[in-house]
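Remarks on the structure that follows.
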2 protein chains.
Amino acid sequence: MNNLAPSSKSIKQRSRLVNDPCDRLRDAIISGDFQPNERLVEADLALRYGAGRTAIRAALATLDQEGLIVREPNRGARVRLISAREAFEIEQVRNALERLLARSAAVRAASGDLDDLRAILAAMTERLRESDSLGYMQLNPQLHRRIWRISDNQVAIKVLVTLKSQSIRSQYGTILRPGRPAQSLREHEAIVAAIAAHDPDACDAAMAEHLGHVLETLQWAIDSQDRQRAWSSREEPTLSAPA
Amino acid sequence: MNNLAPSSKSIKQRSRLVNDPCDRLRDAIISGDFQPNERLVEADLALRYGAGRTAIRAALATLDQEGLIVREPNRGARVRLISAREAFEIEQVRNALERLLARSAAVRAASGDLDDLRAILAAMTERLRESDSLGYMQLNPQLHRRIWRISDNQVAIKVLVTLKSQSIRSQYGTILRPGRPAQSLREHEAIVAAIAAHDPDACDAAMAEHLGHVLETLQWAIDSQDRQRAWSSREEPTLSAPA
DNA sequence: CTGGCGAAGATTGTCGACAATAGTAGCGAC
DNA sequence: GTCGCTACTATTGTCGACAATCTTCGCCAG
């Protein structure tokens with residue numbers, strides 16, 4: 001895979017690099033600047049980002065492949081709406097791949113890697129002690145990405161990054177369940193311990209348990225949102241925003 | 001994910017559909033019409049497929065995202081060369097995802113699905129009895145794809161299709177090892193049996209064993225090719241074609 | 001003979017304009 | 001009042017031309 005992030009795209013001029021409409025548009029979509037299902041008109045975007053329509057068009061092609069938008073022929077692009085079902089599918093795939101990477105990390109981890117992991121764990125413990133759930137949540141992906149780096153399977157990492165950018169916009173937070181952060185920390189500790197012990201089977205199992213709980217939590221979030229919507233209106237059982 | 005194949009791309013006119021330069025170029029690359037690392041000049045391709053350079057450019061963007069080609073700024077596109085290491089990574093990811101789908105298939109399989117699977121198994125048995133290794137090899141992906149369809153995880157399927165199109169060009173065939181087809185058939189039978197029994201754990205295990213053997217075979221193929229190359233020249237340990 | 005320098009050629013990147021297509025509003029008939 | 005047709009508008013798809021960039025070849029000095 002060539003670019004797992006805007007990183008590996010060889011150097012280019014910085015001026016072009018920071019203005020690349022593709023990256024800017026991606027960030028805008030991921031951070032929610034556009035509503036799900038909102039139309040993305042090429043001319044408007046070209047104006048907004050001070051680029052030609054050609055560049056925008058290329059960006060849309062890329063984002064389409066990444067699954068962040070949908071394009072219908074002659075009808076333009078809209079930001080893609082992730083259904084609850086698809087969010088679940090994404091999490092399942094993530095589950096499978098993170099387990100693979102966890103195994104690999106357990107085999108390959110060097111002492112420097114372990115130091116980093118333990119440092120992140122310590123920071124997480126601190127956030128939890130301060131009841132800083134938000135801070136804890138931000139550390140979560142850091143730990144996982146550090147594990148990815150140890151495993152060094154570029155193909156799997158690229159897939160995970162792409163999936164992440166899709167699911168991040170899904171409305172279902174997975175940590176906000178009462179009591180979850182404390183349990184999550186214990187699970188993370190078990191994973192790191194298994195990596196430190198260079199025990200791939202244990203690491204796989206620990207990661208499986210961790211992400212299994214995440215899946216349950218996601219299901220819980222979906223259900224509770226469904227229940228909530230069932231009260232107000234009785235439409236669109238699969239979609240999640242009324243457009 | 002929107003298109004897992006040229007299928008879901010809404011209907012368009014047939015004339016456009018069959019002439020879509022993106023699909024034609026993809027097929028050409030997959031079927032080996034271009035050498036690995038060969039340069040893909042936009043003007044040439046435009047002429048070759050009777051399309052404008054704009055369409056070719058869009059096609060190249062797509063194929064870049066799919067990982068079939070690499071594009072360097074201002075230096076054009078080449079067909080991507082899959083290193084032995086990357087082929088291995090791809091197979092590992094495939095392994096993880098096929099196991100996920102096998103589990104799901106074991107849970108969801110209906111009787112009609114089982115009929116299809118058994119029909120494919122029967123055809124495989126027939127090919128093997130006739131020592132038709134090539135025919136057997138062609139049935140192999142059919143069986144796996146049928147299992148994918150049962151599992152119905154669109155996200156995972158899309159990833160697998162993309163990976164497949166990359167790895168198919170890798171020079172390492174995985175079935176040509178002596179005695180492998182017979183063993184492969186037994187493994188496939190075990191998988192189908194586990195699906196029929198609606199036993200996800202057994203199905204996961206059977207698929208894991210099957211693909212584990214494929215991984216071993218791939219490693220064997222890579223090693224033997226490395227040995228072979230070591231005899232002739234002592235260059236480019238990671239790449240596989242001398243350009 | 002080798003190595004740097006410069007010009008020419010080849011190829012990609014970008015822009016503007018035009019054609020093709022989908023969606024919409026207005027008009028008339030029943 | 002509603003249905004169907006037509007013309008219009010908005011937007012995408014495609015093309016050709018030009019600018020920017022990289023590569024190659026030839027030249028000259030050392």
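For the numbers below, each heavy atom of this structure counts, side chains included, while hydrogens, waters and symmetry mates do not. Chain identifiers are assigned alphabetically (A, B, ...) following the order of the sequence lines, protein sequences preceding nucleic acid strands; residue numbering begins at 1 within each chain.
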| query | What is the minimum heavy-atom distance between B:S165 and B:L68, and which atoms define it? | reply | O-CD2, 3.4 Å

| message | Whether A:R57 contacts C:dG13 is assessed here as follows: a side-chain N or O lying under 4.0 Å from the phosphate OP1 or OP2. Is that the case? | response | no

| query | Between atom CD in A:E72 and atom P in D:dG13, what is the gap in whole Å? | reply | 11 Å

Just list the side-chain donor-acceptor pairs under 3.5 Å for residues 53-61 of chain A, sequence neighbours left out, or say none.
residue : atom : partner : partner atom : Å
A:R53   : NH1  : A:E42   : OE1          : 2.6
A:R57   : NH2  : A:E42   : OE2          : 3.2

| message | Without decimals, in angstroms, what is the distance between B:D64 CG and C:dT12 C1'? | response | 14 Å

| field | Euclidean distance, B:I195 CD1 relative to B:R146 CZ, rounded to 0.5 Å | value | 10.0 Å

| query | B:R80 and salt bridge (charged side-chain N to carboxylate O under 4.0 Å, His left out): which partner among B:E38, B:E86, B:E72? | reply | B:E86

| task | Could you verify whether a donor N or O on one side chain and an acceptor N or O on the other, from A:N95 and A:E91, lie under 3.5 Å apart? | result | no

| 5′-ward residue of the pair A:T54/A:A77 relative to DNA chain D | A:A77

| said: Once rounded to the nearest 0.5 Å, what's the spacing between atom CD of B:Q228 and atom CG of B:D223? | reply: 12.5 Å

| message | What's A:L40 touching, base or sugar-phosphate or nothing? Going by heavy atoms closer than 4.0 Å. | response | sugar-phosphate

| said: How long is the straight-line distance from CD of A:Q92 back to CG of B:L101, given to the nearest 0.5 Å? | reply: 8.5 Å

| request: Would you mind reading off the distance between A:E42 atom CD and C:dT21 atom P, rounded to a whole angstrom? | output: 16 Å

| request: Report yes if a side-chain nitrogen or oxygen of B:R53 is closer than 4.0 Å to either non-bridging phosphate oxygen (OP1 or OP2) of D:dT14; otherwise report no. | output: no

| query | Taking CG from B:N74 and C1' from C:dT12, how many angstroms apart are they, rounded to a whole number? | reply | 6 Å

| message | Need one value for A:L60: base, sugar-phosphate or nothing, where a base atom within 4.0 Å counts as base even if backbone is also close, heavy atoms only. | response | nothing

| query | To the nearest angstrom, how far is A:I56 atom CD1 from C:dG16 atom P? | reply | 13 Å

| DNA chain C contacts made by residues 44-52 of chain A, counting heavy atoms under 4.0 Å | A:G52

| A:V41 side chain, from C-beta outward: closest of D:dG13, D:dT12, C:dT12 | D:dT12

